[in-house]
Amino acid sequence: VQLQASGGGLVQPGGSLTLSCTASGSTLDDYNIGWFRQAPGKEREGVSCRSSRDGFTYYTDSVKGRFTLSRDNAKNTVYLQMNSLKPEDTAVYYCIPADAIRDRSTYYCAPETLGSWGQGTQVTVSS
């Protein structure tokens, strides 16, 4: 499946953005879609994804309470609502097939694609 992330931009600290992930030529119904991000000089990290096994929605600690993962199958779109944005949220955000995997008492986002991650969408939080 080929995914396209959009909705990024420049926003002031405390502001909000909603990222969208759409698929071309296929439906997202059969896929668990997660969001990852990569800031300059840092490793890519899983931001949010959902477990196909127990339905748990994972958020990395730094975004808990501020970001919300959702989907609208009728619109074939997965969203990442981002509120109370901070400068440290600045990164390129990617949406890819991913699953929240339980590892003892914690979860993490595991990519489920070996293909391209696409260009992502740039989010810059700055005053």
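Any value given below was found using the heavy atoms of this structure, including those in side chains, with hydrogens, waters and symmetry copies removed.
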Student: For Y94, does the six-membered ring have the charged nitrogen or CZ of R44 within the cation-pi criterion, i.e. under 6.0 angstrom from the centroid and within 45° of the normal?
Tutor: yes
Student: Which atoms form the tightest heavy-atom contact between C109 and S48, and what is the distance?
Tutor: SG-C, 3.6 Å
Student: List the atom of I101, the atom of A110, and the distance in Å for their closest heavy-atom pair.
Tutor: CG1-CB, 3.6 Å
Student: Okay, side chain of D72, backbone of K75: is any donor-acceptor separation there less than 3.5 Å?
Tutor: yes
Student: State plainly whether the residues D61 and K64 are in salt-bridge range, i.e. N to O under 4.0 Å.
Tutor: yes
Student: Distance check, rounded to the nearest 0.5 Å: F67 atom CZ versus T57 atom OG1?
Tutor: 15.0 Å
Student: Which distance, rounded to the nearest 0.5 Å, do you find between the OG1 of T68 and the CG of N83?
Tutor: 6.5 Å
Student: Which heavy atom of A23 sits nearest to which heavy atom of L3, and what is that distance?
Tutor: CB-CD2, 3.8 Å
Student: Write down the atom of S51, the atom of N32, and the distance for their closest heavy-atom approach.
Tutor: C-ND2, 3.8 Å
Student: Is there a donor-acceptor contact under 3.5 Å from the side chain of Y59 to the main chain of L69?
Tutor: yes
Student: Between I96 and I33, is there a side-chain heavy-atom distance shorter than 4.5 Å?
Tutor: no
Student: Do M82 and D89 come within less than 4.5 Å of each other through their side chains, counting heavy atoms only?
Tutor: no
Student: Determine the sole option in T77, L28, N76 for which the side-chain contact (heavy atoms from CB on, under 4.5 Å) test with R71 is passed.
Tutor: L28
Student: Are W35 and L19 close enough that some pair of their side-chain heavy atoms sits under 4.5 Å apart?
Tutor: yes
Student: Are P97 and P111 packed together at the side-chain level, in the sense that at least one heavy-atom pair is separated by less than 4.5 angstrom?
Tutor: no
Student: For Q81, does the CD atom have more than 12 heavy-atom neighbours from other residues, nucleotides or ligands under 6.0 Å away?
Tutor: yes
Student: So with a 6.0 Å cut-off around CD of Q2, is the heavy-atom count from everything else above 12?
Tutor: no
Student: How about T106 and D103: does a side-chain donor come under 3.5 Å of a side-chain acceptor?
Tutor: no
Student: Please determine whether a side-chain nitrogen of the Lys or Arg among R53 and D99 lies less than 4.0 Å from a carboxylate oxygen of the Asp or Glu.
Tutor: no
Student: Kindly give the heavy-atom pair with the smallest separation between G34 and C49, and that separation in Å.
Tutor: CA-CB, 3.9 Å
Student: So do the side chains of W117 and V92 get within less than 4.5 Å of each other, counting heavy atoms only?
Tutor: no
Student: Less than 4.5 Å apart, side chain to side chain, heavy atoms only: is that true for V47 and L80?
Tutor: yes
Student: For residues Y58 and Y108, establish whether the separation of their ring centroids is below 6.0 Å.
Tutor: no
Student: S6 versus T22: any side-chain heavy-atom pair under 4.5 Å?
Tutor: no
Student: Are any non-hydrogen side-chain atoms of Y107 and D54 less than 4.5 angstrom apart?
Tutor: yes
Student: S62 and R37: which non-hydrogen atoms are nearest, and at how many Å?
Tutor: OG-NH2, 3.1 Å
Student: Is T121 reaching over with its side chain to a backbone N or O of G8, donor-acceptor style, under 3.5 angstrom?
Tutor: yes
